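Nothing here was measured: the structure is a model prediction, and the numbers come from that model. A note on names: the letters A, B, ... follow the listed sequences, proteins ahead of strands, and every chain is numbered from 1.
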Amino acid sequence: MIKIWSMKKNEDAASKRKPKTSAAQIRVQKDLTELEMPATMKTHFPDPADLLNFTLTITPDEGMYKGGAFKFSFAINTNYPHEPPKIKCTQTIYHPNIDLEGNVCLNILREDWKPVLNLNSVMVGLQYLFLEPNADDPLNKEAAEELRKNREQFLVNVRNSMRGAYIKGVQYDNVQAE
Amino acid sequence: MNGNSSPHEWHGRYYHVDQILDRPGPRTDPSFSAGDVVKDFLRNQCKILVIGAGGLGCEILANLALSGFKDIHVIDMDTIDISNLNRQFLFRPKDVGKPKATCAAEFVMDRVPGVKVTPYYGKIQDKDDDYYMQFNLVICGLDSVEARRWINATLVNLVDPDIPESLKPLIDGGTEGFKGQARVILPTVSSCYECSLDMLNKQTAFPICTIANTPRLPEHCIEWASVLEWPRVMKDKKLDTDDPEHISWLYNTASKRAREFNIEGVTWSLTQGVVKNIIPAIASTNAIIAASCCNEAFKIATSSAAYLNNYFMLIGTEGVYSYTFEHEKRDDCPVCGGQTMDISISRDWTVDRLIEMLVERQDIQIKKPSLSTPTKSIYFQAPPQLEEATRPNLEKKVSELVEDGGEMTVTASSLPFNLSLRVTYT
Ligand SMILES: [Zn+2]
């Protein structure tokens, strides 16, 4: 058997036993405790001991979604950061990139996820969706169509939807920030 | 004692292998002791663990047994499916439904006299440190990133500076179609599996808006069924990709959608393949990678030749290209990187006092540390709600939260890696 031990002689730094905290857990701790949270974002942990499940509320202070408070659930599994966190909008909102079930079309949540990205990148990405909704990646086709064809009407629909109005037969949740 | 005493041995059985073991070569390790000593170690003492008895595992088990390893253990949690038989050559149609580990072990023992293969039908997570401690070497032929991360972290954690045998070389093989890799991981010495996590090929994921609006491929329809329709229709019911009824539901749903969009090619097995992320396995790629893993196991066990340092990559998708390089250990690797510090404090110290001490220490240059144990958060600097929830701990004594000799993980933005603290009380 090769003598690996001799290679460790001048290697004292990493030679001690590590605690049995999983790599995913350490990454989540690092991600969470280093979050740069602007005033427009707030996390809520239903169980503060469970770091893997929480909600994020985004209250945009500019753009067409200003005045709303949008809630997303985050579920991180033990294969993080190999796999991205699973994120859903928990309200029914009128947004071209979010469907009525709360699915979110954001490239870094699926096809462009990389382990070097972190929870901060995801949160910034979500916030960006409210500043620049994008008609090219539609999940709510009606909303995307409206944004493309008639920006003024889209704006009116956004305002009304945030107050809980019906738009084209769908009732949206009242998401006005208190 | 070169093995000739056993009834299973016959003259010339190891003639070819012994060409390598009977005399040193130009590149053999200085510690190589040619002849009986090394043969005795390989054939009578060395205990090797094979994780996975699937496509790679069958090849690995056969190669090890034929190159002279005699005490082989194998773990696999799966049973044999009819679709495995084309390449998992230790199994026969009569074995369908039986555990892979058990069948593979029986086959190898029948075929190669004198080899003992001990199977375990279950998860690697069922076994504890004492179990893994008994082996000299571990070879992985797995198709799951999660299982690899687990065994990698387990073997890194096993390393105890006071016990040289606690360092178990890990040889990891993986294949994906015509591509594959073999690597040698010396836990805590060389780059580990977690160090290279960002090098992995991503699972193919399609943009969710494509799936929702403009499906063009059968895979788009299957993903639509599993990612969007399942949660919409089934609400909180969890999708179990091992449940044939769930797969059938997805298959029917995806087929309906495919008809709507005039897409052909949705089949039951494609549905299963997409949702379980099964990559087509090529028997010969498995053979190449398994062979290279077993050569490394042989070289490491016998020190008869220089071993792989440390990453071999095979790319057969566009011609044949292979590349061997030394993947570097990452300082910020959450498994093998970072530092461990022993600190000795009074039982009366509060968490607040400990944090103050950490911040003042010149050798670690830490600002705003967050602390946890493997089971609980001790103090988090952010986000605000967690800071508030853990703030009462600042006044508590460290000794109430962490046992003597217990460990804490420290993270901080000023720290490019994570720091482990081992606390003892005076
Ligand atoms: Zn590492």
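- Qualifying ring pair (Phe, Tyr, Trp, His ring centres under 6.0 Å) partners for B:His220, counting only residues two or more places apart in sequence or in other chains: B:Phe206.
- Judged purely by atom type and a 3.5 angstrom limit, B:Gln381 has no side-chain atom pairing as donor or acceptor with the backbone of A:Glu34.
- Proximity to chain B is absent for every atom of A:Glu36, based on heavy atoms less than 4.5 angstrom apart.
- Residue A:Leu100: no heavy atom, backbone or side chain, is found under 4.5 Å from chain B.
- Atom CD of A:Glu83 sits about 7.0 Å away from atom CD of B:Glu146, to the nearest 0.5 Å.
- For B:Ser31, the part sitting under 4.5 Å from any heavy atom of chain A is the side chain, from C-beta outward, and nothing else.
- Using a 4.5 Å cut-off between heavy atoms, B:Phe380 touches chain A through backbone and side chain atoms alike.
- Atom OG1 of B:Thr210 and atom CD of A:Glu111 lie 7.0 Å apart (nearest 0.5 Å).
- Defined by atom type and a distance below 3.5 Å, a donor-acceptor pair is missing between the side-chain atoms of B:Thr409 and A:Gln29.
- Highest contact tally toward chain B, considering only A:Leu35, A:Asn107, A:Leu51, is held by A:Leu51 [criterion: heavy-atom pairs under 4.5 Å].
- Residue A:Asp137 touches chain B through both its backbone and its side chain, counting heavy-atom pairs closer than 4.5 Å.
- Put simply, the side chain of B:Asn213 gets close to the backbone of A:Pro138: a donor and an acceptor are under 3.5 Å apart.
- Of the listed residues A:Lys88, A:Met37, A:His44, the one with more heavy-atom pairs under 4.5 angstrom with chain B than any other is A:His44.
- Heavy atoms only, all atoms of each residue included: B:Arg149 and A:Ala24 are closest at NH2-N, 4.0 Å.
- Of the possible polar contacts, none joining the B:Arg232 side chain to the A:Glu101 backbone as a donor-acceptor pair under 3.5 Å is found.
- At a 4.5 Å heavy-atom cutoff, A:Lys42 makes no contact with chain B through either its backbone or its side chain.
- Closest of all the heavy-atom pairs between B:Ala212 and A:Leu139 is CB-CD2, 3.4 Å.
- For the atom pair B:Glu387 CD and A:Leu32 CG, the distance stands at 14.0 Å (nearest 0.5 Å).
- Interface residue B:Leu386: only side-chain heavy atoms are found under 4.5 Å from chain A.
- Contact annotation for B:Ala153: neither backbone nor side-chain heavy atoms come within less than 4.5 Å of a heavy atom of chain A.
- Residue B:Leu419 holds its CG atom at 10.5 Å from CD1 of A:Ile26, rounded to the nearest 0.5 Å.
- In terms of heavy-atom proximity, B:Ala412 sits nearest to A:Lys30 at O-NZ, 3.4 Å.
- Note on A:Asn97, A:Leu106, A:Thr78: by heavy-atom pairs under 4.5 Å with chain B, the leading option is A:Thr78.
- Only the side chain of A:Lys141 has a heavy atom closer than 4.5 Å to any heavy atom of chain B.
- No part of B:Leu42 comes within reach of chain A, as not one of its non-hydrogen atoms sits under 4.5 angstrom from that chain.
- Contacts between B:Thr373 and chain A at a heavy-atom distance below 4.5 Å involve the backbone alone (N, CA, C, O).
- Ranked by heavy-atom pairs under 4.5 Å with chain B, the first of A:His82, A:Met41, A:Lys114 is A:His82.
- The contact between A:Asp99 and chain B is made entirely by side chain atoms (from C-beta outward), counting heavy-atom distances below 4.5 Å.
- Under the 3.5 Å distance criterion, the side-chain polar atoms of A:Gln25 are left unmatched by any main-chain donor or acceptor of B:Pro374.
- Here CD of B:Glu388 is found 12.5 Å from CZ of A:Phe45. Values are rounded to the nearest 0.5 Å.
- In this structure, the separation between OG1 on A:Thr33 and OH on B:Tyr379 is 11.0 Å, given to the nearest 0.5 Å.
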Checking B:Glu223 against A:Arg110 for the salt bridge (charged side-chain N to carboxylate O under 4.0 Å, His left out) test, could you report, in this order, the C-alpha distance in whole Å, the side-chain angles of both residues, the deciding distance, and whether it holds? CA-CA 12 Å; B:Glu223 292 242 317; A:Arg110 273 179 73 81; 2.5 Å; yes
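- Interface residue B:Ser370: backbone and side-chain heavy atoms are both found under 4.5 Å from chain A.
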